[in-house]
Number of protein chains: 2
Amino acid sequence: MGETSGAGEPTLEEQIAAYQREFQDLDPQVEQIVSALSRLNRRMNVAYGRQTAELGITNADWEVLKALVLSGAPYRMGPSDLAKRLGLTPAAMTHRIDRLVAEGLVTRERDESNRVRVIIELTGDGREKWMEAMRLATVFEADLLQDLSPQERTALGEVLTRLLIRVEDAQPDAGGRLSDLDDTV
Amino acid sequence: MGETSGAGEPTLEEQIAAYQREFQDLDPQVEQIVSALSRLNRRMNVAYGRQTAELGITNADWEVLKALVLSGAPYRMGPSDLAKRLGLTPAAMTHRIDRLVAEGLVTRERDESNRVRVIIELTGDGREKWMEAMRLATVFEADLLQDLSPQERTALGEVLTRLLIRVEDAQPDAGGRLSDLDDTV
DNA sequence: GCTGAAGACTTAGAAGCTAAAGTTCAACGC
DNA sequence: GCGTTGAACTTTAGCTTCTAAGTCTTCAGC
């Protein structure tokens, strides 16, 4: 009936209308916000994925670089801390680090003061790769928010932060691989 | 220095401060919005993942159920349409359908008018499973937005929809598996 | 020194994907 | 009428990346 184009994705409006037909108790306003959030994020992830691919790294690589940069100079972390931070098992972390070492983005060496521990350290190349990714990301982000007035930006940031604090308080555990589910809700 | 707890995730505020230290040109307001969007979505996905797990289905299953329900009564689609909709190859779609058929959530039968085609149809159980997932999801969503006034909800929905339309116009292609990158940006 | 615990790595196996070949059917040309 | 072409789905083979469980190395306490 009201479908637009073939097998393509329905518009947000069409999608909400369809859900309402199938599920009577739906609050369309809540659904608009939540679905827009999901779909926005999906597009953001597509954009980020393109950017990292352009730089010759995987999204998995980028996650590790981000964690190391966030840890601050001298950009060092142990494999188990990284694994906790990214929600991976130590085994999976070992493999990711293998790849990053092969790419020259991090180094792996034993801690001489406690030779059980291993230190993963960002290289200059790794830091530069992160910077390039950030440069691309900020261009995209500025473009995304281009139409918003300063007042709208302030208000949006404030509201989203409020929601985030609420949900992060409610489920304090951060970890956990998610993989899919970036799709339309 | 300013780190809060061990290997845990930094707060949004800490994260933005750290990025600013490392990357001078960062617009903190843009970053606040974008990072909050990412992190919010991650938490939403965790919540949805828990809910589907509770219902004994995978997120992959849920995506297929959603696509079928969105297509409207009589809830039928061909495998290739589903594959396009979900951004999968036909081969991957076959496997997903295998599982859904085994779970009794959809049926697979040949189209008698053109026996090359196959019709995937949602069963009553499948529809009920989707409804249960929606019931759980709407409870979570209502709770998430609980603190927002009606004015704030209207404004938020409007702004997010505007952003979404902008980005969906800019990158019209919907498809593409994303997998990771739900993590903190 | 020996023992136990902790941290990282190795191996085995599972899940889910893609690419490419295979199968079945409909449609069209001569 | 028969063969060829092409479409739609399935099958097969192989890849990637994860988890679980076991192994190796090193440190700390006795």
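Naming: A, B, ... by sequence-line order, numbering from 1 per chain.
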ask   = Quick one: which of D/dC18, C/dC17, C/dT18 gets closest to the side chain of B/R96?
value =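 My answer, after comparing the listed nucleotides, is C/dC17.
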task = Give a yes or no answer on whether the side chain of A/T52 reaches the backbone of A/G49 with a donor-acceptor pair at less than 3.5 Å.
result =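 Present.
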inquiry  = Please check this pair: side chain of A/R127 against backbone of A/V69, looking for a donor-acceptor N/O pair closer than 3.5 Å.
reply    =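 Such a contact is absent between A/R127 side chain and A/V69 backbone.
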request  = Using side-chain contact (heavy atoms from CB on, under 4.5 Å) as the criterion, list what pairs up with A/Q51, not counting sequence neighbours.
outcome  =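 With neighbours one apart ignored, the set is A/Y48, A/L136, A/A137, A/F140.
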Without decimals, in angstroms, what is the distance between [X] [atom1] and [N] [atom2]?
X      : N      : atom1 : atom2 : answer
A/L86  : D/dC18 : CG    : C1'   : 14 Å
B/D81  : D/dA8  : CG    : P     : 9 Å
B/K84  : D/dA8  : NZ    : C1'   : 10 Å
A/R117 : C/dA5  : CZ    : P     : 17 Å
B/E63  : C/dG16 : CD    : C1'   : 13 Å
A/I120 : C/dC9  : CD1   : C1'   : 12 Å

Taking only Lys NZ, Arg NE, NH1 and NH2, and the carboxylate oxygens of Asp or Glu, determine whether [X] and [Y] approach each other closer than 4.0 Å.
X      : Y      : value
A/E158 : A/R162 : yes
A/E63  : A/R96  : yes
B/E22  : A/K66  : no

Sort me out a list of protein N/O and nucleotides 27-30 of chain D N/O pairs below 3.5 Å, or just none if empty.
residue, atom, partner, partner atom, Å
D/dC27, OP1, A/R115, N, 2.9

request  = Tell me, with the steps shown, if A/R135 and A/E128 meet salt bridge (charged side-chain N to carboxylate O under 4.0 Å, His left out).
outcome  = CA-CA 10 Å; A/R135 278 192 277 270; A/E128 182 51 39; 2.8 Å; yes
Check the interface with nucleotides 10-12 of chain D: list each N/O to N/O pair with the protein under 3.5 Å, or write none.
residue, atom, partner, partner atom, Å
D/dT10, OP1, B/R108, NH1, 2.7
D/dT10, OP2, B/T94, OG1, 2.9
D/dT10, OP2, B/R108, NH1, 3.4

inquiry  = Measuring to OP1 and OP2 of C/dG16, would you say a side-chain N or O of B/R99 lies under 4.0 angstrom away?
reply    =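 Yes, because at least one side-chain N or O of B/R99 sits under 4.0 Å from OP1 or OP2 of C/dG16.
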query = Same hydrophobic cluster for A/L70 and A/M131, using side-chain heavy-atom links shorter than 4.5 Å among ILVMFWY?
reply =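 Result: yes, single cluster for both.
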inquiry  = salt bridge (charged side-chain N to carboxylate O under 4.0 Å, His left out) for B/R43 and B/E9? Distances and angles first, verdict last.
reply    = CA-CA 13 Å; B/R43 298 304 182 134; B/E9 198 174 29; 3.2 Å; yes
